Amino acid sequence: FTFNIMVKALCAVDRVDDAQTLVQKMGTKGCAPNVFTYTILAKGLSERSRPYQALELLAEMSLNGCNPNIVTYNTVIDGLCKEGNVEKAQQLVQQQIPDDGCSPNVITYNSLINGFCKVGKIEKALRILKDMEEDKLLPGPDTISFNTILDAYCKHGKLKKAYKIMEHMKTIGHAYNVVSYNIILAGLAKLGRISEARRVFEEMFRDNIAPDIVSYNTLVDGMCREGMVSDAKMMLKAMTGNGIKPDIITYSTILDAYCKRGKIVKARELLGEMLRKGISPNTASYNILIQSATKEGRILEAEKLLQKMRERGLTPNTITCNIIIQSLCKNGELDKAIQTMESMWVKGSNAI
RNA sequence: CUGGUACUCUUACGUC
């Protein structure tokens, strides 16, 4: 359907309001929007933190004789959960969905679990998981359900609990995957427990779950934070040997570590290596370099970098902006800082 | 089996 494609396109270029208007007009043109149309729009709204408008959309579509299906509901529910209103989402699951003759599926519950985790109510999330395991009327949990809980524990530094979940999965014979391991790795890395992370990493090979780019990047990041930059650099070679290509994140992570420690020569070398490998720096990479330059008083270099960034068609983001303003303020150039801010403001950029 | 792929999951840069 042509209209659906248009709605999607409008959402993609951030013109959700236009998309909404279009959908409203469709009805009057004898070309009624269908479930697909509404779901696309609901997703557009949800992704832009407008879950309540998505919620209203549910009512609107029913009025137009188009009943939401489970995909529509899940889209709205996930939006609500990400906004932090898990209660409202749960209400939908318990009341409206059954009223509509739909039944929640594993994705629905996973959204709720994630929602509760993100607002710090892990107990509630666990409750849902347990219900899914025990209640035959509910869909059984999948790997994602478990991973979500795993992640919540790891993010809170509760590694023992995380390990317990992992053990639980093993004992009931539930599949885990590379993401499960990545979550654990990230948890350990954040706590600076690098040697333990290394052991887990080795275990992955024995477990026939090959580390992916995220696994490597997580470990590299952990090493860099602990000042083990040369170990991190060695990982670069190791991963290549294992068929995983270092990406922009791998390089930026190490680049940042070098810069923060004033190892400018090494940083430049790495930048060169990165370019030779055909990986072009993005805004984040430039932010790293610009910050390093400003902190060490190499203002001219910073300006040049900004210039280069522009030439490459990269747009400065909030962080770029903050780095520059901070540096100007420290040099007592308040006027210039304000000027910069205003010009960014005028450009209508998402910076600030 | 053509159109909405919905949740999960993970990784880099600023301010405090």
Side-chain angles (χ1 to χ4, degrees), chain A residues 1-8 11 33-44 46-47 68-79 81-82 89 104-115 117-118 125 139 141-152 154-155 176-187 189-190 211-222 224-225 232 246-257 259-260 281-292 294-295 316-327 329 351-352:
Chain A
F1 217 157
T2 326
F3 277 110
N4 287 348
I5 295 172
M6 282 177 64
V7 172
K8 192 176 183 177
C11 288
N34 61 16
V35 202
F36 288 68
T37 325
Y38 283 114
T39 306
I40 299 172
L41 185 54
K43 186 164 174 58
S46 293
E47 277 174 351
N69 62 19
I70 191 61
V71 176
T72 324
Y73 275 118
N74 284 344
T75 305
V76 175
I77 286 168
D78 191 50
C81 286
K82 297 232 161 96
N105 59 18
V106 62
I107 296 181
T108 320
Y109 289 106
N110 284 345
S111 283
L112 290 179
I113 291 178
N114 191 37
C117 285
K118 294 285 139 78
D142 62 7
T143 305
I144 294 179
S145 325
F146 285 104
N147 283 348
T148 308
I149 303 273
L150 263 187
D151 188 51
C154 285
K155 288 252 157 72
Y176 48 89
N177 58 18
V178 63
V179 175
S180 322
Y181 272 114
N182 287 345
I183 293 171
I184 302 275
L185 282 177
K190 215 174 70 169
D212 63 7
I213 181 71
V214 175
S215 327
Y216 279 101
N217 286 344
T218 305
L219 200 55
V220 164
D221 180 53
C224 285
R225 284 185 196 284
D247 64 4
I248 181 70
I249 296 181
T250 326
Y251 280 107
S252 297
T253 306
I254 303 178
L255 196 64
D256 185 52
C259 285
K260 290 244 163 75
N282 60 17
T283 301
S285 332
Y286 274 105
N287 287 345
I288 294 168
L289 296 169
I290 291 171
Q291 181 179 223
S292 153
T294 58
K295 281 225 162 131
N317 60 17
T318 323
I319 298 178
T320 323
C321 191
N322 285 337
I323 293 171
I324 292 167
I325 289 170
Q326 190 198 357
S327 127
C329 287
I352 302 183

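Residue numbering restarts at 1 for every chain, and letters A, B, ... go by the order of the sequence lines. Note that this is a predicted model, so its numbers are computed, not measured.
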**Request:** Tell me what Thr253(A) touches on the nucleic acid: a base, only sugar-phosphate, or nothing, going by heavy atoms under 4.0 Å.
**Result:** sugar-phosphate
**Item:** Between rC7(B) (P) and Asn177(A) (CG): distance, integer Å
**Value:** 16 Å
**Asked** Would a distance-only check, ignoring hydrogens and angles, find a side-chain to backbone donor-acceptor pair under 3.5 Å from Lys190(A) to Lys155(A)?
**Response** yes
**Prompt:** Out of rC7(B), rA12(B), rU10(B), which nucleotide sits closest to the side chain of Ser111(A)?
**Reply:** rC7(B)
**Message:** Suppose we screen for ring pair (Phe, Tyr, Trp, His ring centres under 6.0 Å). Which residues come up paired with Phe36(A), at least two apart in sequence or across chains?
**Reply:** none
**Prompt:** Can you find a side chain N or O atom of Arg225(A) that sits less than 4.0 Å from OP1 or OP2 on rC13(B)?
**Reply:** yes
**Message:** Distance check needed: rC13(B) P versus Lys260(A) NZ, whole Å only.
**Reply:** 6 Å
**Message:** Under 4.0 Å from OP1 or OP2 of rC13(B): is there any side-chain N or O of Gln291(A) that close?
**Reply:** no
**Fill in**
Whole-Å distance, Ile70(A) CD1 to rG4(B) C1', equals 14 Å
**Request:** Could you state the atom-to-atom distance from CD1 of Ile319(A) to P of rC13(B) in whole Å?
**Result:** 8 Å
**Request:** Quick one: label Ser252(A) by what it contacts on the DNA or RNA (base, sugar-phosphate, nothing), any heavy atom closer than 4.0 Å.
**Result:** base
**Request:** Answer with base, sugar-phosphate or nothing: what part of the nucleic acid does Val35(A) contact at a heavy-atom distance below 4.0 Å?
**Result:** base
**Whole-Å distance separating the CG atom of Asn110(A) from the P atom of rA6(B)** = 13 Å
**Message:** For a quick test of reading the model, state the closest non-hydrogen atom pair linking Ala189(A) to Thr218(A) and the distance between them.
**Reply:** CB-O, 4.0 Å
**Asked** Looking only at heavy atoms, which two atoms of Cys81(A) and Ser111(A) are closest? And how far apart?
**Response** SG-O, 3.4 Å
**Asked** How close or far is atom P of rU15(B) from atom CD of Gln326(A), stated in whole angstroms?
**Response** 5 Å
**Prompt:** Which nucleotide sits closest to the side chain of Val214(A): rG4(B), rU11(B), rC13(B)?
**Reply:** rU11(B)
**Request:** Compare the minimum distances between each of rU11(B), rG4(B), rC13(B) and the side chain of Ile249(A), then state the nucleotide with the smallest one.
**Result:** rU11(B)
**Prompt:** Touch check for Asp142(A), heavy atoms < 4.0 angstrom, all strands: base, sugar-phosphate only, or nothing?
**Reply:** nothing
**Request:** Name the nucleic acid region contacted by Thr250(A), choosing base, sugar-phosphate or nothing; use a 4.0 angstrom heavy-atom cut-off, strictly under.
**Result:** nothing
**Message:** At less than 3.5 Å, do the side-chain atoms of Asn69(A) and the base atoms of rG4(B) form a donor-acceptor pair?
**Reply:** yes
**Message:** Tell me whether the side-chain N/O atoms of Lys190(A) come closer than 4.0 Å to OP1 or OP2 in rU11(B).
**Reply:** no
**Request:** Only counting residues at least two apart or in another chain, list the ones meeting ring pair (Phe, Tyr, Trp, His ring centres under 6.0 Å) with Tyr73(A).
**Result:** none
**Nearest to side-chain heavy atoms of Ile183(A), which nucleotide of rU10(B), rG4(B), rC13(B)** = rU10(B)
**Prompt:** NZ of Lys82(A) versus P of rC7(B): gap in Å, rounded?
**Reply:** 6 Å
**Request:** Would you check if Phe36(A) stacks with the base of rG3(B), given a 5.5 Å centroid limit and a 30° plane limit, both strict?
**Result:** yes
**Message:** Could you tell me if the side chain of Asn177(A) sits less than 4.5 Å from the side chain of Asn147(A), heavy atoms only?
**Reply:** yes
**Request:** Would you indicate which nucleotide in rA6(B), rU10(B), rG4(B) comes nearest to any side-chain atom of Lys155(A)?
**Result:** rU10(B)
**Prompt:** Between rC13(B) atom P and Asn217(A) atom CG, what is the distance in whole Å?
**Reply:** 12 Å
